[in-house]
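Inspection log for the structure reproduced underneath, given as structure tokens.
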Amino acid sequence: MRLRGPHMFWKLIRTVRWWIVFALLAVTASAQEEISVQPWLSVVLGHQKNERLYMEVEIQPKTQISGGEHWRNIDATWNVEYYPKEWFDLTCELVTGYTDHIDGLDSFEITPRPGLRLHLAKQTVTIIDRRQKLHAERKALQRLQLATWLRLEQRNFFYSGDQESSHEWRFRIRPEFKVALNNPSLGDDGTLFGRGDVEFFWPLTKDVPERFVNKIRFRIGPGYRINFARKVELLFMYDINRESSLVEFSEDTFMLDLRLTFLF
């Protein structure tokens, strides 16, 4: 049975409320242990150009509020996706970012990141008539979406002052899922969904000055598809990191990411 109108709204509010309580408990625990706590905001502006080509830019400010020195960062991730088949996507990202480390050291990042996303549930492209204009949308018609995203990135950091720039290669793999909670399909408007993934980061370059290049990241949280063009998500994220492959993983970072998606 589908939930619409006020019922859908209050169900979304209750779901988000419990995730916020959970996140606040995690932040309280992390503050006692001097673990990094970071609020993020992700604004995604996307456009499905045709049935095979999708483009977006993600603007993402973030900051560290506890667990060491404070810093501020803003990233812009430019992404192009090509859909040659129903079962996989080709992706190409370019990350541009600026970080203010507060202590006088600033850095600028340029990172190209080609990738391949493998789907375990069939994807399809649907033509949507919105405001008398046709739009294409690639989506899963089923309730459950399963995929694995493989990416190779070449990270380049340029620092202020006398510190030399750094360059490294890193491989990332992310199994992910998304499930509709109130509708039979993730492609239906007014759909409350849950999503989660775990991502593994493997550095391929030795002697990188940046800390914690080797990590495992967990993400989970609720989302709501308002319609084709608008979606809101709240993701709780947790990183366990290590400085090199010679030491054990240690608990390090809690993040809360509010994601807003707008398609044009």
Side-chain angles (χ1 to χ4, degrees), residues 1-3 8 11-12 14-23 26 40 42 44 46 48 54 56 58 60 77 79 81-91 93 113-126 137-153 170-202 215-228 230-240 249 253-261 263:
M1 178 179 179
R2 299 187 181 187
L3 299 176
M8 185 70 259
K11 183 173 181 179
L12 176 63
R14 287 194 297 270
T15 303
V16 171
R17 178 188 63 188
W18 285 114
W19 278 106
I20 292 177
V21 170
F22 181 54
W40 293 18
S42 303
V44 179
Q48 185 85 44
Y54 170 78
E56 73 174 28
E58 178 184 77
Q60 191 176 66
T77 301
N79 181 32
E81 299 186 357
Y82 179 67
Y83 309 136
K85 297 292 182 180
E86 298 171 333
W87 300 98
F88 70 91
D89 312 332
L90 301 177
T91 67
E93 300 168 283
R113 186 189 293 152
L116 171 67
R117 184 187 292 112
L118 304 173
H119 295 281
L120 301 181
K122 184 179 178 180
Q123 306 292 292
T124 186
V125 174
T126 302
E137 182 184 15
R138 182 173 173 86
K139 59 186 179 182
L141 295 180
Q142 300 90 344
R143 179 183 296 272
L144 179 64
Q145 178 178 327
L146 298 171
T148 299
W149 198 3
L150 302 95
R151 291 180 286 180
L152 179 66
E153 56 186 10
R170 188 166 68 176
F171 178 70
R172 301 167 60 165
I173 180 170
R174 188 172 86 185
E176 53 192 15
F177 77 90
K178 185 183 295 184
V179 58
L181 301 178
N182 65 307
N183 288 329
S185 170
L186 285 164
D188 292 339
D189 291 345
T191 295
L192 179 66
F193 60 87
R195 65 173 295 183
D197 55 65
V198 56
E199 187 164 18
F200 302 89
F201 298 72
W202 283 290
K215 70 174 69 179
I216 301 175
R217 171 171 294 169
F218 300 89
R219 301 194 311 168
I220 192 168
Y224 182 61
R225 175 190 166 104
I226 301 170
N227 55 33
F228 157 78
R230 292 177 293 168
K231 183 170 60 177
V232 58
E233 300 169 88
L234 184 66
L235 295 181
F236 174 72
M237 305 165 61
Y238 173 55
D239 281 2
I240 54 175
F249 283 97
T253 308
F254 288 104
M255 296 151 286
L256 190 64
D257 185 16
L258 175 62
R259 299 183 60 83
L260 307 174
T261 300
L263 301 185

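Please read these numbers as outputs of a predicted model, since none were measured by experiment.
- Considering CZ of R174 and CG of L150, their distance stands at 11.0 Å, rounded to 0.5 Å.
- With sequence neighbours excluded, the residues that form a side chain to side chain donor-acceptor pair (under 3.5 Å) with R217 are D239.
- The distance from atom CG of L181 to atom CZ of F193, rounded to the nearest 0.5 Å, is 9.0 Å.
- Checked against side-chain contact (heavy atoms from CB on, under 4.5 Å), F88 has the following partners two or more places apart in sequence or in another chain: P84, K85, L90, L116, L118.
- A donor-acceptor contact under 3.5 angstrom links the side chains of S42 and Q60, judged on distance only.
- The line from CG of N183 to CG of D189 is 9.0 Å long, rounded to the nearest 0.5 Å.
- Ion pairing between a basic and an acidic side chain is recognised when a charged N comes within 4.0 Å of a carboxylate O; E176 and R219 show no such pairing.
- Under a 3.5 Å cut-off, the side chain of D257 and the backbone N or O of L235 do not form any donor-acceptor pair.
- The line from CG of L234 to OH of Y224 is 16.0 Å long, rounded to the nearest 0.5 Å.
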- request: Given side-chain contact (heavy atoms from CB on, under 4.5 Å), test L258 with L256 step by step and report yes or no.
  value: CA-CA 7 Å; L258 175 62; L256 190 64; over 6 Å; no

query: When you look at L186 and R225, which way does the side-chain contact (heavy atoms from CB on, under 4.5 Å) test go after all the steps?
result: CA-CA 8 Å; L186 285 164; R225 175 190 166 104; over 6 Å; no

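- Between the OG1 atom of T261 and the CZ atom of R230 there is a distance of 12.0 Å, given to the nearest 0.5 Å.
- Every side-chain contact (heavy atoms from CB on, under 4.5 Å) that Q142 has, sequence neighbours left out, goes to A121, K122, A140.
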message: L120 vs F177, test: side-chain contact (heavy atoms from CB on, under 4.5 Å). Steps then yes/no.
response: CA-CA 10 Å; L120 301 181; F177 77 90; over 6 Å; no

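- The minimum heavy-atom distance linking D188 with T191 is given by the pair O-OG1, 2.5 Å.
- Taking the side-chain contact (heavy atoms from CB on, under 4.5 Å) definition, one finds that F200 meets it with I173, V198, W202, I216, sequence neighbours left out.
- Interatomic distance, NZ of K215 versus CD1 of I240, reported as 11.0 Å (0.5 Å rounding).
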message: What verdict does the side-chain contact (heavy atoms from CB on, under 4.5 Å) test give for T253 and M237, after you've listed the backbone C-alpha separation in whole Å, the side-chain angles of each residue and the deciding distance to 0.1 Å?
response: CA-CA 8 Å; T253 308; M237 305 165 61; over 6 Å; no

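- For E93, the side-chain contact (heavy atoms from CB on, under 4.5 Å) test picks out T77, N79, R113, W149, R151, with sequence neighbours left out.
- Applying the ring pair (Phe, Tyr, Trp, His ring centres under 6.0 Å) rule to F218 yields no partners; only residues at least two apart in sequence or on another chain are considered.
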